[in-house]
Amino acid sequence: KATVSVLYWGLLTMATQNEEEKYTMEEVASHPNLMVCDGWVLDVSSFRNEHPGGESFISAWVGKDISEVMHSDSTHKHTEYAWRVLESLRVGVLMDAVVSKSERKKYDDMVDVNAPFLWQMGELGANYQGWMASQPVVRRLTIFPWKPIEDLSRYPWWWIWICLPPIIGYGVYCAVLAGLPGVQLAASFVAGLFCWISLEYCLHRYIFHIEAGTYASNIFHFFAHGLHHLTPHDTSRLTFPPPFVFLLATMFWSFFKLVCLGHPCFSMVFSGLASGYVAYDTTHFLYHHTDCATYGPIKFPGFFSSYLRFMKSCHNVHHFLDDDCNFGVSSPLLDFALGTYVSKKDAEIRRATKAAAKKVD
């Protein structure tokens with residue numbers, strides 16, 4: 001049986017090498033978007049702005065062999081998701097290199113990533129949570145089988161900067177027009193910001209990460225948050241759809257007016273909360289699509305860039321190492337206060353401990 005197995009894998013390796021396009025190291029070195037890892041040639045053109053460390057990390061290694069840095073723990077230990085991303089970028093093999101295809105995993109064939117996801121998520125049933133935890137690489141997925149509805153589910157992240165500032169400004173205008181003193185204006189706005197920080201944390205921790213497993217709960221989790229964890233780099237699905245945001249804005253305006261018993265401070269509290277949401281969506285985009293130092297021609301001030309880098313590190317831990325921590329996206333305040341902040345180093349230790357315990361079981 002051992003001889004047959006060795007022969008089988010030898011034939012598989014030979015077949016793999018015959019099927020893949022061959023490159024020389026000189027061709028890789030002269031190409032603006034190619035690199036090599038374990039004999040596989042990777043095209044990183046679609047991944048430049050998606051690398052968690054920023055585009056500069058990719059640019060530094062283009063045309064080179066990254067095998068050593070990927071296997072080394074000197075910078076940091078790469079997650080299984082990182083290796084799966086590399087698999088998705090393969091376009092050929094290095095001339096004379098001996099390579100083998102990755103072993104198929106339990107959940108790999110449960111979902112057709114080229115078909116609409118909506119019904120497939122519900123039909124996964126009890127396997128949904130395991131499939132999500134296996135961190136499949138889905139670059140851009142389709143939710144609905146109906147194109148008009150699918151198109152309405154996608155919006156550029158920056159739409160919030162066009163639609164929400166006038167609403168925020170109207171809330172401030174109402175409070176000022178009512179003659180609210182400056183101190184009350186500031187206090188009400190800060191109260192609104194804290195309302196957003198609390199709402200963001202609670203939704204993320206207690207709603208977006210519920211345990212799913214039934215048809216209905218799978219669909220809910222997928223829409224609420226699973227979609228983002230599957231495609232964190234899809235810029236068209238980083239924000240809530242505008243109709244949903246306008247509905248929520250109307251509800252919160254009425255809610256704060258009721259809670260504040262009609263006192264004019266309610267509109268300022270609302271503006272603070274809405275500003276928090278704009279900050280949340282903006283920083284969320286920056287974590288996933290920039291190096292947190294610049295955005296196009298804009299260079300961020302040192303203190304702001306440092307804050308963004310710290311929050312990006314926290315957010316990457318949540319996405320790629322341990323989704324049971326670092327629930328704050330725009331602010332770490334409640335993570336520190338409630339003990340759910342975990343550093344990258346500690347998250348790697350926790351992940352290794354869980355993996356070791358799983359092997360023992």
Side-chain angles (χ1 to χ4, degrees), residues 44-58 76-89 107 111 113 117 120-121 128-143 150 153-160 200-201 203-205 207-210 212 218 220-241 277 279-292 295 308-332 335 342 344 347-348 351:
V44 297
S45 56
S46 64
F47 189 60
R48 282 182 171 273
N49 294 320
E50 296 180 6
H51 187 277
E55 194 268 345
S56 59
F57 281 76
I58 295 293
H76 69 88
K77 185 177 178 64
H78 285 87
T79 64
E80 184 176 338
Y81 182 79
W83 288 101
R84 282 176 167 262
V85 169
L86 291 193
E87 289 177 33
S88 73
L89 299 175
Y107 296 101
V111 172
V113 297
F117 270 57
Q120 292 190 84
M121 296 297 97
Y128 173 80
Q129 213 75 38
W131 183 77
M132 291 291 292
S134 71
Q135 296 187 317
V137 176
V138 184
R139 308 307 290 276
R140 187 179 173 91
L141 61 80
T142 299
I143 300 177
E150 176 68 18
S153 72
R154 295 183 178 278
Y155 294 90
W157 75 273
W158 44 258
W159 78 264
I160 55 171
E200 171 192 301
Y201 180 91
L203 284 174
H204 200 179
R205 182 176 183 179
I207 304 298
F208 293 170
H209 283 275
I210 62 166
N218 291 356
F220 172 79
H221 180 271
F222 176 70
F223 274 112
H225 201 52
L227 171 62
H228 174 59
H229 269 260
L230 281 176
T231 58
H233 304 297
D234 188 345
T235 57
S236 66
R237 289 217 166 101
L238 275 177
T239 63
F240 287 117
Y277 174 70
Y280 158 80
D281 265 341
T282 303
T283 55
H284 198 193
F285 169 80
L286 295 175
Y287 302 157
H288 284 296
H289 297 280
T290 74
D291 61 3
C292 291
Y295 176 54
L308 288 177
R309 287 176 184 274
F310 170 73
M311 290 304 299
K312 176 173 182 168
S313 176
C314 294
H315 197 58
N316 283 340
V317 165
H318 175 81
H319 263 282
F320 306 116
L321 286 172
D322 188 349
D323 64 6
D324 195 29
C325 64
N326 298 356
F327 298 104
V329 177
S330 56
S331 168
D335 279 309
V342 176
K344 184 177 180 182
E348 289 175 346
R351 189 180 182 88

Got [X] and [Y] here, is their nearest side-chain heavy-atom distance under 4.5 Å?
X: Thr282; Y: Ile160; result: yes
X: Ile207; Y: Phe220; result: yes
X: Thr283; Y: Leu308; result: yes
X: Arg237; Y: Leu141; result: yes
X: Trp158; Y: Thr235; result: no

Out of curiosity, [X] [atom1] to [Y] [atom2], how far, rounded to the nearest 0.5 Å?
X: Asp335; Y: Tyr201; atom1: CG; atom2: OH; answer: 5.0 Å
X: Arg205; Y: Ile210; atom1: CZ; atom2: CD1; answer: 15.5 Å
X: Tyr155; Y: Thr239; atom1: OH; atom2: OG1; answer: 9.0 Å
X: Asn326; Y: His319; atom1: CG; atom2: NE2; answer: 11.0 Å
X: Leu238; Y: His233; atom1: CG; atom2: NE2; answer: 10.0 Å

Nearest heavy atoms of [X] and [Y], plus distance in Å:
X: Ala212; Y: His221; value: CB-CB, 4.2 Å
X: Tyr128; Y: Gly226; value: OH-CA, 4.1 Å
X: Ser236; Y: Asp234; value: OG-OD1, 2.7 Å
X: Cys325; Y: Val342; value: CB-CG2, 3.6 Å
X: Glu200; Y: Ser330; value: OE1-OG, 2.6 Å
X: Lys344; Y: Val317; value: CA-CG2, 3.6 Å

Side-chain donor or acceptor of [X] paired with backbone N/O of [Y] under 3.5 Å:
X: Asn218; Y: Met121; answer: yes
X: Tyr287; Y: Val329; answer: yes
X: Asp322; Y: Ala347; answer: no
X: Thr290; Y: Cys292; answer: yes
X: Ser153; Y: Glu150; answer: yes

Item checked: Which residues share a ring pair (Phe, Tyr, Trp, His ring centres under 6.0 Å) with His284, sequence neighbours left out -> His228, Tyr280, His288, His315
Checklist line | Results of ring pair (Phe, Tyr, Trp, His ring centres under 6.0 Å) for Phe222 - residues two or more places apart only | finding: none
Notebook entry, point to check: According to the interplanar angle, ranging from 0 to 90°, do the rings of His225 and Phe208 count as parallel (below 30°), tilted (30 to 60°) or perpendicular (above 60°)?
Noted result: parallel
Checklist line | Whether Phe285 and Trp157 hold their rings parallel, tilted or perpendicular, with breakpoints at 30° and 60° | finding: parallel
Notebook entry, point to check: Stepwise, does the ring pair (Phe, Tyr, Trp, His ring centres under 6.0 Å) test hold for His229 with His209?
Noted result: CA-CA 11 Å; His229 269 260; His209 283 275; 5.3 Å; yes
